[in-house]
There are 2 protein chains.
Amino acid sequence: MHPSTVSRALSPAMKHLVAADVANRIQAAANALGYRLNMAAKGLRTGRSGLIGVLAPDIADPGFPPVLSGIADHLHAQGYATIVADVGSEGSEQDLVDRLIAHGVDGLVLATVTLDDAIVTHCLDSALPVVLVNRLDRGARLPSVAGDDEGGMRLAVDHLVALGHKRIGHVAGPQEISTGARRRAGFEASLREAGLATRNALVETASAYTRAAGREAALRLLTRKSRPTAIVAANDLLALGVYDALATRGLACPDDVSVAGHNDMPFVDMVSPPLTTVRIAQRDMGEAAARLLLGRIANPAGSREHLMLPPRLIIRGSTAAPRPAS
Amino acid sequence: MHPSTVSRALSPAMKHLVAADVANRIQAAANALGYRLNMAAKGLRTGRSGLIGVLAPDIADPGFPPVLSGIADHLHAQGYATIVADVGSEGSEQDLVDRLIAHGVDGLVLATVTLDDAIVTHCLDSALPVVLVNRLDRGARLPSVAGDDEGGMRLAVDHLVALGHKRIGHVAGPQEISTGARRRAGFEASLREAGLATRNALVETASAYTRAAGREAALRLLTRKSRPTAIVAANDLLALGVYDALATRGLACPDDVSVAGHNDMPFVDMVSPPLTTVRIAQRDMGEAAARLLLGRIANPAGSREHLMLPPRLIIRGSTAAPRPAS
DNA sequence: CTGAAAGCGCTAACAG
DNA sequence: CTGTTAGCGCTTTCAG
């Protein structure tokens, strides 16, 4: 049998160029022999590898897997395979991207960028379709899917205000990351609107999105002369660190201090007390990012979209009215 | 410049065949132009893609990310990229493997196999280097890295026996998965050795490793005429389901019933009460699997190794001595 | 030590 | 509708 005919018969797009019975016989033979297209050879010829690269901040961070799952499932359904690269281990982000490009990826999902990340320019230069997920770059130069960070903080702050809290503190995330900066901005705007803004804002910044860093920042917050009656953390990991800080200070949650988190990551409903938090639909976020990327691949000149997913407040046991005596 | 010379200069293995100054000039030029090898073309020629496939049961399952992280980091350090495929979504496992093979993967890590999985034969037939991680196949036909499931259960049961428990129940995992079957076997052997085996064993099997299935199984266990004073679950997710079941029955942990889990997945130290569990070093497991796979790739005829990682008991607040009255 | 030539498996452009 | 031809970017004999 002749190679081109086989190629045509096996390609859905070119199948119409081949006699139906011949096509069927080829299909049958292919199945019988367990024949599989060599994607590398195909890619070499067509310039499309069927591979998508995903850069993750840390696969083991409990917030990321749902996003990855959303990305991978959607891409997989469209016939793509995903290469995941974890930035955690040493080696520059640039290098990772270059390695991915060397493997011929048709597009990239970046879940790692900082606000002024050099990688953005690098990607723009490479002319590769790229979308950002969860985190944004300052200039909005790349298409993105993220949660409404400011709106989410408003939800949390308004909830605490409604409970009667007047001294509300914030454990902010790293300010070089959009989620950290935007959630802090949202926190401050909400306080201002509630008429609760003060000269020395009750804000402490954590150096990383980790439980340990959250504990440190919360400890600083708790030594302020006017101690907050409620703390809203920039994410759930930080909020768990706040729990740790309260424990070491002998303070009870929510009796002494209410705590709210952000993300509704898995199992925060099982901690004690169950964490009040702002849910963002992480799986949907991943799926939307995949969809956006596929759109860019199909039409690289298309408009640069920025999707924002609506947050939702999940009230649990870690927030309550402040003590009357307080 | 001449392609072959460039190829030689850029390949560490062939560099010695080229004049040092020429090699350096080529390196410099390559860096300046931002030249990157096309892995697809290289793979086509050499038969090695630099890609490794990883089959995951469910990326979003909190137990898996640490394993994946261990695998990916180690492989990455050796110059490989990892394609992860999630079996969760529809589409047969065979199909996934075939797709991975179509992409030319140099090896496969399977974290999904059941005891009598057809995929094992399929992989054996394909002559592709494959290693199993966490779960084993019945015939031990593929090399593997897993925890010592029986030893882990012994640790948990002995701990409860030492506390004075006499009626110890088990929420078993799915019996078609090695972890489910072997942990159950370990549980029963340990009870027998402690002289606590009874006619109708206090064992209920969960249909899946989920919190909901754990709850159902625990509920069945709690309606037995002689209710257990302690329950050891086949994994932490199941143990959280046991917590749910106790809550719906109005029973307190550990006052009424002690609970032990397995795996020490992230944040089980934060639930209430903090879960006593058996820790398995999941990151190490992933790393060992990667190392084993690399060994198979280098020497496919090498001996079929089966690594077993030692478990460690982590005692927290969910286990205590039984009530004297009980 | 370096150049020339062939080919990995596939597809696309061009005949027939 | 099908066969022929060429070539994607690389490596690897084989000659010089």
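All chains are named by letter (A, B, ...) in the order of the sequence lines, taking the proteins before the strands, and each is independently numbered beginning at 1.
- Separating the CG atom in B/Leu108 from the CD1 atom in B/Ile83 is a distance of 10.0 Å, to the nearest 0.5 Å.
- At a non-hydrogen distance threshold of 4.0 Å, nothing from residues 100-108 of chain A comes into contact with DNA chain D.
- The shortest distance between the side-chain N/O atoms of A/Thr5 and the OP1/OP2 oxygens of D/dG3 is below 4.0 Å.
- Side-chain N or O atoms of A/Arg36 include none that pairs as donor or acceptor with a backbone N or O of A/Ala30 at under 3.5 Å.
- Nucleic acid contact class of B/Ser4 (heavy atoms, under 4.0 Å, all strands): base.
- Nearest nucleotide to the side chain of B/Val22, out of D/dC10, C/dT2, C/dC10: C/dT2.
- Whole-Å rounding puts the B/Lys42 NZ to C/dG7 C1' distance at 17 Å.
- A salt bridge links B/Arg283 with B/Asp73; the closest basic N to acidic carboxylate O contact falls under 4.0 Å.
- Between the side chain of B/Arg8 and the base of C/dG3, a donor-acceptor pair under 3.5 Å is found.
- Residue B/Ala41 places its side chain closer to D/dG9 than to any other of C/dT2, C/dG9, D/dG9.
- A donor-acceptor distance shorter than 3.5 angstrom exists from the side chain of A/Thr46 to the backbone of A/Lys42, with no hydrogens or angles considered.
- B/Tyr209 contributes atom OH, which lies 10.5 Å from atom CG of B/Leu237 (distance to the nearest 0.5 angstrom).
- Put simply, CZ on B/Arg25 is 13 Å from C1' on C/dT2, counting in whole angstrom units.
- What separates NZ of B/Lys15 from P of C/dT2 is a distance of 13 Å, to the nearest Å.
- Spacing between atom CZ of A/Arg45 and atom P of D/dA6 amounts to 13 Å, rounded to whole angstrom units.
- In this structure, B/Val18 and B/Leu44 both approach DNA chain C, and ranking their closest nucleotides by distance from the 5' end singles out B/Val18.
- Comparing B/Asp21 and A/Asn38 by the nucleotide of DNA chain C whose heavy atom lies nearest to each, the residue mapping closer to the 5' end is B/Asp21.
- Atom-to-atom, CZ of A/Arg48 to C1' of C/dG9 comes out at 19 Å; the value is rounded to the nearest Å.
- Side-chain atoms of A/Leu37 lie closest to C/dT11 of the nucleotides C/dT11, D/dC10, C/dT2.
- Distance CG (B/Leu17) to C1' (C/dT2): 10 Å, rounded to an integer number of Å.
- The salt bridge (Lys or Arg N to Asp or Glu O under 4.0 Å) contacts involving residues 102-111 of chain B comprise nothing, where partners must be two or more places apart or lie in separate chains.
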Could you walk me through whether A/Asp98 and A/His122 pass side-chain hydrogen bond (donor to acceptor under 3.5 Å, both in side chains), step by step?
CA-CA 10 Å; A/Asp98 285 339; A/His122 189 67; 2.9 Å; yes
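- Within the nucleic acid shown, A/Thr46 comes within 4.0 Å of sugar-phosphate atoms alone, with no base atom in reach, counting heavy atoms only.
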